[in-house]
Number of protein chains: 4
Amino acid sequence: MQLGMIGLGKMGGNMAARLREKGHEVVGYDVTSPERDVDTLAGLVERLAAPRVVWVMVPAGEPTAATIAELGELMDEGDLVIEGGNSHYADDRVRAKALAEKGVGYLDAGVSGGVWGRQNGYGIMVGGPAEDVEKARPIFDSLVPDEGVGFVHAGAVGAGHFVKMVHNGIEYGMMQAFGEGYELMVASGLVDDVPGTFESWREGTVVRSWLLDLLSRALEEDPELSRLRGYAEDSGEGRWTVQAAVDLAVPAPAITSSLYARFASRQDDSPAMKVVAALRNQFGGHAVHRAETSDDIDV
Amino acid sequence: MQLGMIGLGKMGGNMAARLREKGHEVVGYDVTSPERDVDTLAGLVERLAAPRVVWVMVPAGEPTAATIAELGELMDEGDLVIEGGNSHYADDRVRAKALAEKGVGYLDAGVSGGVWGRQNGYGIMVGGPAEDVEKARPIFDSLVPDEGVGFVHAGAVGAGHFVKMVHNGIEYGMMQAFGEGYELMVASGLVDDVPGTFESWREGTVVRSWLLDLLSRALEEDPELSRLRGYAEDSGEGRWTVQAAVDLAVPAPAITSSLYARFASRQDDSPAMKVVAALRNQFGGHAVHRAETSDDIDV
Amino acid sequence: MQLGMIGLGKMGGNMAARLREKGHEVVGYDVTSPERDVDTLAGLVERLAAPRVVWVMVPAGEPTAATIAELGELMDEGDLVIEGGNSHYADDRVRAKALAEKGVGYLDAGVSGGVWGRQNGYGIMVGGPAEDVEKARPIFDSLVPDEGVGFVHAGAVGAGHFVKMVHNGIEYGMMQAFGEGYELMVASGLVDDVPGTFESWREGTVVRSWLLDLLSRALEEDPELSRLRGYAEDSGEGRWTVQAAVDLAVPAPAITSSLYARFASRQDDSPAMKVVAALRNQFGGHAVHRAETSDDIDV
Amino acid sequence: MQLGMIGLGKMGGNMAARLREKGHEVVGYDVTSPERDVDTLAGLVERLAAPRVVWVMVPAGEPTAATIAELGELMDEGDLVIEGGNSHYADDRVRAKALAEKGVGYLDAGVSGGVWGRQNGYGIMVGGPAEDVEKARPIFDSLVPDEGVGFVHAGAVGAGHFVKMVHNGIEYGMMQAFGEGYELMVASGLVDDVPGTFESWREGTVVRSWLLDLLSRALEEDPELSRLRGYAEDSGEGRWTVQAAVDLAVPAPAITSSLYARFASRQDDSPAMKVVAALRNQFGGHAVHRAETSDDIDV
C-alpha cells in the first residue's frame, strides 16, 4: 500500500527501506535528509492519495508535536496518522482528540528493534481503534519479523506507547541485571574467562536472550570493555516507566534501581554522598579532624 | 565414555538419559529412585573402571557434602568428582582440597536449563584444572545443546559455581523486571491484551528471551495468572549473589531488590511496615486516636 | 496581628489556637466546623481589615485549589494568601501567577509537626517574595517552637512546598530504616528486649531523633505492635519526591524504596510476584507440575 | 569500681577519661599510646584485683580476636571480659564459649556516640548473662548519658553487637535519606537557602534528630560542602546488617541501597554501567557507530 514516512533517520529510513523491499510505495520526507522524496510536509500530503496514511518517525517531544500539529492542518477527514516515535502515552490521547475533531485518525505505534530491525523485522505495539489498525495492517505485517508475530493491538489510543514504555522499562532492568552480573564476575577475581562465560550462556541457559547475544558480541570486540566508560544515558522511557509506577502505586524496585544506576553513572561527584561524608566527618568531632581509624567511625 | 551419576531426580535423571542417548555408559545411583543401577555408593564406585568419573547431582547442602565426603573415602588417586549441584563456590574449594590430599580430582559444574535441558541441552559452567576438564570433556560436549556452544571453563575450582550463581542472580533480575512490567500493564487499565503484548515481544524486540517465551506460555495457559498466588520462594543462589555483592563491594540494586521482593511476597504481615504504621499513628497524637484526614498525616 | 484561617481541622484548628494564645486575632472559617467564626469565605474576607492575610489550611488537591480560586475573586490588591497545606510546588507557581494579576500576594508554607505542633511549635518553610514574608512574619514567629528557630525562607514561590516535600521524603526514608531495623531484631530471635533497645537509643546514640522517641512510645503502648497491621498508606508527598528525583535525575534509592515498601504493604497479592511464580513453575516443565525439590528450580 | 581498659584510641581513651571523672579506677593499656598505665597485657591483668573486669576497645577483626585470645590465657575463673568494639555477633558466641571453658565471663557491648560520647555519654547495648551484666553495672551507669537511660541489656551473648549492628544499619538509612534530600534541593535550583532549610528543621519537624544537628553544623562550616568529595567508606557494620537481612529473609531495601550508594561512590568507573553502555552501543548496529540521536536508542 501507499505510505507517507516522515523522518528518515536510522529508524524511519530503515523502516521505509524494509517496506519498499516488501512492495509498498513509500513517500519519504525529512527536514534534512537528501533521501527525501518531497521537500515539504505539504508536498508529502499532496503526493499521497486520499485516504492517506502517514507514519511519523521523528525525535520525541517538540519535533513530534510540531509535526503532528502541522499534519492536523494539512490532512483531511478519513486520513490516518501513525505516531511511531517515543511519545508519552498521555500525549497520544491529547493528539488523537485534536485530530479527531477534523476526522483524522490516530494510532500510536511503539516500535522496537533498533537498526537491526531492517533485516530482522520490528516489534510493533499499537494503540487505537480497531478499524484504523485494519487500515494500516499491510504496513504492520511488513514491518514485523514474520506475518503473525511481533505485533500486538494492545488497546485504545495510548496503549501502544504505554506497552512500548513498559517494554523499555523491562529492558532497563535486564540490562542492569547483566551489568551487575558482569561486575560481580570481574570483581571476584575468580573468573578467568568472562567473555566466554557470557558466550556460553547463549544456549541452554535461563538467561539466554537477545541482550545476552549483544553483550557477548560487545565482549568479543572489546573483552574488558576498556574502550567504554561506565556512563549511561537514559532516554525518557525509563523515567516514564518509573513515573507510571509511582502514579499507579506499583512497586517497581528493579526497574527503578536500573534508572538510578544510570543517573549515578553520570555524576562526577554525588551531592548525596557528600552529605554522608560530611556526617562521617562530624562523628569524628570537628570537621577539621578527619576520622582516621575504624574505631572512630562505627559510632 | 563411562560416568557414574549420583542423584537421579529431575536434573540428574534427565542428564543421565541425555548422556545415554548420546552413547555414553551411565551407571546411576540414587538414595531412593527405583531407576538406580547400583544400590550403594560403594557399589557405584566398584562398578566403574578406574580412573573413575562421578557426577554428583543431589540436593545442595548436607546431602551434597555427605556424598562428596563418602566419595572421598571410596575413590582412588586419579579419579574425578564433578559436583554439578548448586554448591557455594567457597565450599568447592574446601572439598577440592580435601579430595586432592588423596589424589582425587574435583570439578565444580554449574548446570542451567531445568527440565527442558534433556531435549534442549544444558548450559554448563565449569571450574577446576584444565586437565580434569579434558578428562570429562566428552560428557560436557554431550550435555550442551550443540558441541561448541553452551560450555565454559570459567576458571579454577569454584569458578563454575560462582558464574552459575551469578547467572541465577541475573535471572532473578530479569524475572523481576518482567514481573514489574506485567504489573504496570495490569494496573494501568490501558492494556486490553496483556498476554498478546508479551507474545508480540517474542520476535523483533529488545526483550526477547527464553524467559519471555516461558512467560508467554504461562499467560497462554492462564491469561490472568489467576491460578497462582504472588508468592515466590528463593533458592539460595540469589542470596549468595547478594552476599557476594556485599563482600566484593559491588552495588547490585536490581538483583537485590528482586530477592527482597521475593522475601516480601512471603510475608503475611510485615513487621517493618507495622513500624511505619505505628509512627504514622503517633503523628496523630495519641495512639488511640487514629489519624483520619490527610492533613494530620503529612507532617 | 490579624489573620484569617481557612480550615479548622487538626492542623488549622491547632494553629489558630496557638496563634490566639500568642496574642493574635484569628478569624476562623471552615466548611463544617462549629468552631468557625464566620459562615462563608466571603464573610471571612469581609471581617478582615485590608490589607488582609489569609492562611489556607484545607485538604490538598481540589479543596485547596477551589478555596484559592474563590479567594482570588474575593480579595483585593495588597492582600496576601498563605497556602499552608500540602500543595505541589508546581501548583504554587500557577496560583501565585493567577493571584498576582489581581495584585494579591501568595506565599507557600510547608508546615511540619502534626498535632504535637500546638504545644511544641511547628517547623515552617516558606516560599515567595521577601516583602510578603515580612508581612506575615509575626505569624511565623508565633508558630515556630521559639523565635529564631524552626523557620526558613527557602526561596521563591514553590520553594516552601518543595522543601516540605523533601522533608517528607526524608521522613519516609527514616521511618523505613527504623522499620527494617525493627524487623531484623524481631526476625533474629536474638533480641529479648526490642522495646528496651529502641528506648535505650534515645540518648547518646547516633540515631536519636524524634521519630525514635515516637517509636519508643508506640512500643511502650504495644510492645509487639500486635494491634497493628503492616499496612501503610502514603500521602502524596513521597510520590512527589520520587517524581522530582526522576525529573531531576537524582538517584534517590532509599526514599524510593521506602515508598515502594508502602505500596507493597497494601497489596493482598502481587501481580509481579505472580509472574515470578509462573516463571518458576515453567522451569519445572509443564505448569501443572509444580516444582518440588530444589534441584528443579535452581536452573 | 576498678576496670582494665585495653585500647586508648578515640573511643577507649575517651571512655576511660569519662569513667575516671565519674570516680572509677581505670588501668589503661594500649599497644602504642604513651598514656598507657601498663606496658603489657600481662601487666594489666596483674595490676587488677580479682575478680577482674576488662574492657576491650581495639580495632575490630584480628586485633580484637588476638587480644581476647591472649586475655583467655591470662585471666582466671570469675574474671570478666567486655568486648566493646565492633565485633560480629557470631564471633561473640565463639569467644564466649572459649572463655567459658576457663570460667571467664564474656559480655558484648555495642557502644554508640563517637567522640561526642565523652561529654554527652554513650549509648550502650549489652549481650550476655544477667549476672555478668550486674558485675559491670557501675561502669555502664557511668558511660551512659544519665543513669537509667542509654542502656539496654538486649539478650544473650551476641545480642549487644547485633543490636549495635542494626543501629548502624538504621544510621546508614538515615544518612542516605538526608543525602538524597540534600541532593534534591541542590538539583532543583529552587532552594536559595539549603543550609538554612536544614537548620530550620532542627526544631518542630518530624525529621529532627542528632544527625540533622550534625548536618546543619557541617553546612554551617561549609555551606556547599565544597571541601568534600562525594566519597563514602563503609565500616563493616552496614555490610553485616545486609548479610543478616539476607540470612533472615528480611527485606531491607532502604538500608541496602544506602550501602550500595557508598559502594558506588567509591568507583571511578562502574563495570556494570560499562555493560549498559556497551549494550546501548550495540543497539546502534556496529560498535564503531555510536548511537547519536534518540531515535536509535529507544529501541
Side-chain angles (χ1 to χ4, degrees), chain B residues 88 165-166 169-170 172-173 176 201 204-208 231-276 279-280 282-284 291 296-299, chain D residues 88 165-166 169-170 172-173 176 201 204-208 231-276 279-280 282-284 291 296-299:
Chain B
H88 193 273
M165 175 196 82
V166 170
I170 293 170
Y172 273 60
Q176 179 69 19
W201 288 350
T205 71
V206 174
V207 301
R208 62 190 191 259
Y231 179 103
E233 298 285 354
D234 74 283
S235 59
E237 302 263 332
R239 297 186 187 199
W240 293 344
T241 307
V242 173
Q243 281 165 333
V246 170
D247 287 338
L248 296 166
V250 168
I255 293 175
T256 306
S257 60
S258 306
L259 179 67
Y260 285 167
R262 294 193 186 189
F263 289 170
S265 81
R266 304 199 300 258
Q267 297 187 308
D268 274 335
D269 205 13
S270 157
M273 301 318 290
K274 284 188 176 201
V275 165
V276 173
L279 288 169
R280 283 171 57 83
Q282 290 290 327
F283 295 159
D296 321 289
I297 282 300
D298 256 328
V299 297
Chain D
H88 193 274
M165 175 196 83
V166 170
I170 294 170
Y172 272 61
Q176 179 68 20
W201 288 349
T205 72
V206 175
V207 301
R208 62 190 190 260
Y231 179 103
E233 297 286 355
D234 75 283
S235 59
E237 303 264 331
R239 297 187 188 200
W240 293 343
T241 307
V242 174
Q243 281 165 334
V246 170
D247 287 339
L248 297 167
V250 168
I255 293 174
T256 306
S257 59
S258 307
L259 178 67
Y260 285 168
R262 294 193 184 188
F263 288 170
S265 80
R266 304 199 299 259
Q267 297 187 309
D268 274 335
D269 205 10
S270 156
M273 300 319 288
K274 284 189 176 202
V275 165
V276 173
L279 288 170
R280 283 170 57 84
Q282 289 290 327
F283 295 158
D296 319 292
I297 282 300
D298 255 327
V299 298

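Letters A, B, ... mirror the listed sequences (proteins, then strands); counts begin at 1.
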* Closest contact, heavy atoms only, B:Q243 versus D:D247 -> NE2-OD1, 2.8 Å

* With a 4.5 angstrom heavy-atom cut-off, which part of D:V207 approaches chain B: side chain, backbone, both or neither? -> neither

* Asked: Is it the side chain or the backbone of B:A272 that comes within 4.5 Å of chain D heavy atoms, both, or neither?
  -> neither

* Which of these passes side-chain contact (heavy atoms from CB on, under 4.5 Å) with B:V246: D:T241, D:V242, D:V246? -> D:V242

* To do: Could you point out which residue of B:R262, B:M273, B:Q267 forms a side-chain contact (heavy atoms from CB on, under 4.5 Å) with D:P251?
  => B:Q267

* Asked: Where on B:D234 is there a heavy atom nearer than 4.5 Å to chain D: the side chain, the backbone, both, or neither?
  -> neither

* Region of B:A261 that comes under 4.5 Å of a non-hydrogen atom in chain D -> neither

* What residue in B:P253, B:A249, B:S257 has the most heavy-atom pairs under 4.5 Å with chain D? -> B:A249

* Can you name the closest pair of heavy atoms from B:Y260 and D:T256 and give their distance? -> OH-OG1, 2.7 Å

